[in-house]
Amino acid sequence: MANNALAMQDQEMMRDALSSEKQMTGLYNAFANECATTAIRDEMLNLLHDEHAIQADLFMEMQKRGWYPTTPAEDQKVQSAKQKFTDMNAGG
């Protein structure tokens with residue numbers, strides 16, 4: 001199999017894994033919200049943390065390979081978002 005075909009298989013597998021991790025974090029978050037005891041909630045939150053770490057690793061690897069490109073936000077948009085949330089927290 002050609003290197004390009006292998007890269008496409010790798011990219012497809014990693015995209016699928018990233019999608020699965022996003023779903024898992026949503027589920028663990030929902031489960032943590034519904035726990036009846038602190039011990040179970042703490043365990044769900046530990047699992048949620050682990051899933052977020054796996055998701056971040058996959059994201060960074062895909063980004064490194066050019067499979068998940070991101071563009072930096074414009075300074076004006078960042079400042080606008082900061083101001084919006086500052087106003088919200090101040091009751092404005």
Linked, directly or transitively: Met24 and Leu18 (ILVMFWY side chains, under 4.5 Å): no
What pairs of residues pass the salt bridge (charged side-chain N to carboxylate O under 4.0 Å, His left out) test when at least one of them lies in residues 58-76, not counting sequence neighbours? Glu61-Lys64, Glu61-Arg65
Those residues at least two apart in sequence (or on a different chain) that pass side chain to side chain donor-acceptor pair (under 3.5 Å) with Glu12 are none
Which side-chain hydrogen bond (donor to acceptor under 3.5 Å, both in side chains) pairs, counting each pair once, include a residue from residues 49-60, with sequence neighbours left out? none
Listed partners of Phe31 passing ring-ring contact (aromatic ring centres under 6.0 Å, His included), at least two apart: none
Looking at every non-hydrogen atom in both residues, tell me the closest pair between Cys35 and Ile40 and how far apart they are. SG-CG2, 3.5 Å
Separation between CE of Met13 and CD of Gln11, rounded to the nearest 0.5 Å: 11.0 Å
side-chain hydrogen bond (donor to acceptor under 3.5 Å, both in side chains) partners of residues 19-47, not counting sequence neighbours, each pair once: Lys22-Tyr68
Least distance between heavy atoms, Leu45 atom then Ala32 atom: CD2-CB, 3.8 Å
Co-membership, hydrophobic cluster, residues Met14 and Ile54, 4.5 Å side-chain: yes
For Gln79, what residues pass the side chain to side chain contact (heavy atoms under 4.5 Å, CB included) criterion, not counting sequence neighbours? Lys82
